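Report on the following structure.
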Amino acid sequence: MFSFNKNRLTTSNKANDANGPVAYWMSREQRNADNWALLWAQDLARQRGAPLAVVFCLVPEFLHASFRQYAFMLQGLQEVQENLAAKNIPFYLLTGRPEDVLPPWQRQNNIQAIVADFDPLRIKRAWRENVVAKVKIPFYEVDAHNIVPCLIVSAKQEYGAYTLRPKMHRMLEEYLEEFPPLRRQSLPWKAKKPQIDWVKLKQTLAADRSVGEVSWIKSGEKAAQAALSDFIVQKLPHYVQRRNDPNQGGQSNLSPYLHFGQLSAQRVALEVRKAAADQETKNAFLEELIIRRELADNFCLYNPDYDNFAGFSAWAQKTLNEHRGDPRPYLYSREQLEQAQTHDDLWNAAQMEMVKRGKMHGYLRMYWAKKILEWMPAPEEAMAAAIYLNDKYELDGRDPNGYAGIAWSIGGVHDRAWNERNVFGKIRYMSYKGCQAKFNIKKYVEWVGSL
DNA sequence: ATCGGCTCGCGCAA
DNA sequence: TGCGCGAAGCCGAT
């Protein structure tokens, strides 16, 4: 029958249990396949002999999300709706803050249990708490994002990858298992099937339209699966040699899919394990996919200051404070940075790659953020600018990976102290010269110019 | 081209 | 209490 590891689940409001319809409140995991939250919700409905619905809350102006990001998400959600319909599961799209729109919807539809997916970000956790306080029915949360549940692998903020790694490896075999299929829902949903006007929805979105849609990547579960297959066949064998060269196209490019939950990291790990590439290569990719990604969730869950200076380690705050007065070699405003008007052609190109394509190369994200620290008057301003730009232009903006990556670059989070120098103090430095030795800067700059 | 030093603190061995 | 070593580096000496 259904095999589900209960450690993926946390429960609130257990006392008020009454049999009745079940809803999966989809938020971070925008997919039909390989989704432990949806699977658990379906099994709960089966146990109760009750129907199942999926509901999504579309929050206008969510953390200033841009049109590019909303369009990508809506495209994927439309496919989710179609896939769910094929399984006889209705999909509701509510517009508004979850705490405002979900409780009335729950009462109207006589929902007697809600299953949500796990998200470590502050605003998402606040939504959960506010909804839980208002609905007064059993509320379950399933970590369908991490392979080993974030709350299980560690109960505290980890100091670095090296402290998370042994914990992760001890538990990995227990959790890295195959998914059962989503079944066709036999018990029908009694209420009238919701109609969603996707075209009108997209037209009326109150999002920043100066950041337009991108065409090089296609949204949705189907496209995500195709990108995964393509990566495994074409790129995985060369991953180690090519990943840090922005001219080689050696990255997986799966992060937008992982961010919107259109693809499950556990699915990626299962398929990579089965792949023909040599073990060392597979381990290098799995290290990034599993350890580094789940370390980012750990950071955001246990450190409420994941996006500001106060979230840095004591040694990092101390050294940055000691270098506040250092003269900056260049000083730029946020606007100058946004318009890629610096003296550095590599930095400008990285910024423009992000503006035009919605995705900056992974290696350059570090260089890019560290230069913002170097060229702004204070580390707080650098953090705010880097997060502003990342969240505005990147398809995977507002992701724990982004916050952890920027905190690593500017605040030494998950890193160690290095040779003390101007502005950076003991935060690891990265230089133009270093990039020059690693890849062909001119070629990259020309490529971005041709976009 | 390659190597050592830089520098902090966690976690484990003893 | 001591010690090894870590999320992707830099720099200067050889």
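Because only heavy atoms are used, hydrogens play no part in the values below, and waters and symmetry mates are left out as well, while side chains stay in. These figures come from a predicted structure and were not determined experimentally. Note on naming: letters A, B, ... go to the chains in the order of the sequence lines (proteins, then strands), and numbering restarts at 1 for each one.
Salt bridge absent: Glu353(A) and Arg365(A) never bring a charged side-chain N and a carboxylate O closer than 4.0 Å. Checked for salt-bridge contact, Glu141(A) and Lys124(A) miss the test: no charged N lies under 4.0 Å from a carboxylate O. Looking at Glu322(A) and Lys318(A), a side-chain N of the basic residue comes within less than 4.0 Å of a carboxylate O on the acidic one, giving a salt bridge. Checked for salt-bridge contact, Glu173(A) and Arg273(A) meet the test: a charged N lies under 4.0 Å from a carboxylate O. Salt-bridge check for Lys202(A) with Glu213(A): passed, with a basic side-chain N closer than 4.0 Å to an acidic carboxylate O.
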Collect all protein-nucleotide pairs involving nucleotides 10-14 of chain C in which both atoms are nitrogen or oxygen and the distance is under 3.5 Å.
| residue | atom | partner | partner atom | Å |
| --- | --- | --- | --- | --- |
| dC10(C) | OP1 | Ser431(A) | N | 2.7 |
| dC10(C) | OP1 | Ser431(A) | OG | 3.2 |
| dC10(C) | OP2 | Lys438(A) | NZ | 3.2 |
| dC11(C) | OP1 | Arg421(A) | NH2 | 3.1 |

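Among the protein residues, Arg165(A) comes within range of the sugar-phosphate backbone only, with heavy atoms under 4.0 Å from sugar or phosphate atoms but none that close to a base. When heavy atoms are screened at a 4.0 angstrom cut-off, Lys156(A) is found touching the sugar-phosphate backbone but no base atom.
Residues satisfying the ring-ring contact (aromatic ring centres under 6.0 Å, His included) test with Phe260(A), not counting sequence neighbours, are Phe72(A). Taking the side chain to side chain contact (heavy atoms under 4.5 Å, CB included) definition, one finds that Glu158(A) meets it with Ser154(A), Lys156(A), Thr163(A), Leu164(A), Lys167(A), Leu295(A), Asn298(A), sequence neighbours left out.
Although no hydrogens or angles enter the test, the distance criterion places no donor-acceptor pair under 3.5 Å between the side chain of Gln341(A) and the main chain of Gln336(A).
In this structure, Arg128(A) satisfies the cation-pi test against Trp25(A), with its NZ or CZ atom closer than 6.0 Å to the six-membered ring centre and inside 45 degrees of the ring normal. Geometric assessment of Arg8(A) against the ring of Trp40(A) yields a negative cation-pi assignment under the 6.0 Å and 45° thresholds.
Protein atom CD of Gln436(A) is 16 Å distant from nucleotide atom P of dG9(C), rounded to whole Å. We find that OH of Tyr159(A) is positioned 19 Å from P of dG4(C), with the value rounded to whole Å. One can place CD1 of Ile291(A) at 14 Å from P of dG6(C), the figure rounded to the nearest angstrom.
The side chain to side chain donor-acceptor pair (under 3.5 Å) test with Arg243(A) is passed by exactly one of Gln251(A), Glu288(A), His361(A), Gln248(A): Glu288(A).
The gap from the P atom of dG4(C) to that of dA14(B) amounts to 12 Å, rounded to the nearest Å. A distance of about 22 Å separates the P atoms of dG9(B) and dG9(C), rounded to the whole Å.
Taking the six-membered ring wherever Trp is involved, the centroid distance between the rings of Tyr432(A) and Trp347(A) does not fall below 6.0 Å.
Along DNA chain B, read 5' to 3', the first and last nucleotides having any atom under 4.0 Å from a heavy atom of chain A are dC6(B) to dG11(B).
By the 30° and 60° cut-offs, the orientation of the rings of Tyr363(A) relative to Phe439(A) is perpendicular.
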Check: Which dot-bracket notation, 5' to 3', represents the base pairing of DNA chain B when pairs are defined as Watson-Crick or G-U with both distances under 3.5 Å, crossing pairs as [ ], and inter-strand pairs as |?
Finding: ||||||.||||||.

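Listed by residue number, the members of residues 300-317 of chain A with any heavy atom below 4.0 angstrom from DNA chain C form an empty set.
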